[in-house]
Amino acid sequence: MALNGTEILDIIPCQEYMPIADFPGVFQPCRKSNVGEPLYFEEGELLMQTVYILSGPAGVGKSTTSSALVDALKNSAYISGDDVSHMHVRGRQKPWESKSELSLIWNNILGLTRNFVLNGIDVVIDYVTFPDEAYWLRDKLMDLTQNVVYVVLMTDHETLLKRDQLRIPEHQMGERCLILIQEFNESGLNRKYLLDTDQKNVDEINLVIDDIMNNKQYSLDD
């Protein structure tokens, strides 16, 4: 096909990929048998990959903890919700002030997460995630995996503000950190998903990661 004198190649999916019903134009890899034959996923078949959602107010240590968790996993991907948010450049609104902007962010996070899981990769999502958003994501992944872990990092007000001040100026949230604590308190969050980092320091990060990976209480259930 040619457009204004420029040849445009029609993209045809490789036979080793199959379409995803809910995502027109998006294809997932087929499994291969021992002899290299494409093997399609059976309907209702679930994958073993785990999706970790690390949440909490700004400045609580989500990025540090997420990076350590990604390093601890054998085959993993890191999704920064803030980075996804800033992919929208012109016309972007603050997600806490715009439902449509927040919806755009979460649908983009969902698309990335599904793609990684379909390729056999564990996913770590680093973003301020309230319970209703975590459950929404879990439900959208139910056809792929039931292994969704939800951890809300938390600390006291004074420590949070001190940590926020250690961030580069353009990333500091100031009083917004404390507002987020209040919003989590009012969100109906089940306290079993809380991980108190008051007494934790950088040297103890391995203990935190071990807790996140092995403590069944963080598995997102009903």
Side-chain angles (χ1 to χ4, degrees), residues 46-85 105-106 109-110 112-142 144-157 159-160 162-164 166-167 171 173 177 180-181 183-185 187-222:
L46 296 178
L47 304 177
M48 298 303 296
Q49 277 61 51
T50 299
V51 176
Y52 298 88
I53 307 170
L54 268 59
S55 181
V60 77
K62 294 189 299 297
S63 296
T64 299
T65 306
S66 296
S67 295
L69 177 57
V70 167
D71 289 340
L73 298 167
K74 291 183 179 179
N75 188 18
S76 58
Y78 170 67
I79 298 177
S80 165
D82 287 338
D83 287 348
V84 173
S85 172
I105 294 166
W106 274 111
I109 290 175
L110 172 63
L112 288 168
T113 301
R114 288 185 65 91
N115 194 28
F116 284 125
V117 170
L118 284 165
N119 282 275
I121 301 169
D122 293 323
V123 179
V124 178
I125 299 170
D126 164 13
Y127 197 47
V128 176
T129 307
F130 291 99
D132 57 342
E133 295 160 341
Y135 282 114
W136 175 86
L137 185 68
R138 182 206 62 177
D139 291 346
K140 292 296 185 181
L141 296 171
M142 287 288 283
L144 298 182
T145 180
Q146 293 182 353
N147 302 323
V148 179
V149 172
Y150 180 46
V151 180
V152 180
L153 305 177
M154 196 63 68
T155 189
D156 63 84
H157 291 196
T159 301
L160 188 64
K162 286 181 178 178
R163 291 177 181 174
D164 182 57
L166 295 176
R167 306 166 85 190
H171 289 171
M173 299 292 287
C177 299
L180 284 168
I181 290 182
E183 291 179 353
F184 273 108
N185 290 336
S187 68
L189 173 68
N190 188 325
R191 297 191 66 81
K192 76 173 187 173
Y193 298 120
L194 283 175
L195 198 166
D196 192 341
T197 63
D198 281 355
Q199 307 301 321
K200 301 293 191 302
N201 54 50
V202 176
D203 296 331
E204 297 176 297
I205 190 68
N206 289 337
L207 298 177
V208 174
I209 298 306
D210 183 71
D211 187 29
I212 293 173
M213 292 178 64
N214 298 299
N215 194 333
K216 298 299 183 182
Q217 78 175 45
Y218 300 127
S219 294
L220 195 58
D221 54 32
D222 294 326

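Please read these numbers as outputs of a predicted model, since none were measured by experiment.
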- Task: To the nearest 0.5 angstrom, please state how far the CG atom of Leu153 sits from the CG atom of Leu54.
- Result: 5.5 Å

- Tyr127 versus Gly81, closest heavy-atom pair with distance: CD1-CA, 3.3 Å

- Item | Test item: side-chain donor near acceptor, Asp122 and Tyr52, under 3.5 Å | no

- Task: State whether Asp82 and Lys62 are salt-bridged, where the test is any N-O pair (Lys NZ or Arg NE/NH1/NH2 against Asp/Glu carboxylate O) under 4.0 Å.
- Result: no

- Query: Can you list the steps and then say if Met213 with Thr50 is a side chain to side chain contact (heavy atoms under 4.5 Å, CB included)?
  - Reply: CA-CA 10 Å; Met213 292 178 64; Thr50 299; over 6 Å; no

- Task: Find out whether Leu195 and Thr65 are in side-chain contact, i.e. whether some heavy atom of one side chain is under 4.5 Å from a heavy atom of the other.
- Result: no

- Message: Quick check: closest heavy atoms across Leu141 and Arg114, and the distance to 0.1 Å?
- Response: CD2-CG, 3.7 Å

- Query: Going through the checks in order, is the side chain to side chain contact (heavy atoms under 4.5 Å, CB included) test met by Ile125 and Leu137?
  - Reply: CA-CA 11 Å; Ile125 299 170; Leu137 185 68; 3.5 Å; yes

- Donor-acceptor contact below 3.5 Å, side chain Ser66 vs main chain Ser63: no

- Message: Among Val149, Val148, Val152, exactly one meets side chain to side chain contact (heavy atoms under 4.5 Å, CB included) together with Ile53. Which residue is that?
- Response: Val148

- Side-chain donor/acceptor of Asn119 to backbone N/O of Ile121, under 3.5 Å: no

- Note on the structure: One should read off an interatomic distance between Ile209 CD1 and Asn214 CG, to the nearest 0.5 angstrom, of 11.0 Å

- Shortest non-hydrogen contact from Ser187 to Phe184? OG-O, 2.7 Å

- Distance col, row Asn190:CG vs Asp221:CG, nearest 0.5 angstrom, shows 8.0 Å

- Evaluate the ring planes of Trp136 and Trp106, with Trp represented by its six-membered ring, and classify them as parallel (under 30°), tilted (30 to 60°) or perpendicular (over 60°). perpendicular

- Task: Heavy atoms only: give me the nearest Thr145-Gln49 pair and the separation to one decimal.
- Result: OG1-O, 2.7 Å

- Note on the structure: Interatomic distance, CG@Asn185 vs CD1@Ile181, rounded to 0.5 Å, equals 7.5 Å

- Sub-3.5 Å donor-acceptor pair from the side chain of Asp83 to the main-chain atoms of Ile79, do we have one? no

- To the nearest 0.5 Å, atom CG of Leu110 lies from atom CG of Asn115 at 11.0 Å

- Message: Can a donor-acceptor pair be found, under 3.5 Å and without considering hydrogens, that links the side chain of Asp126 to the backbone of Tyr78?
- Response: no

- Going from OH on Tyr150 to CG on Leu194, what distance comes out if it is rounded to the nearest 0.5 angstrom? 8.5 Å

- At their closest point, which heavy atom of Ala134 faces which heavy atom of Thr129, and how far apart are they? N-CG2, 3.7 Å

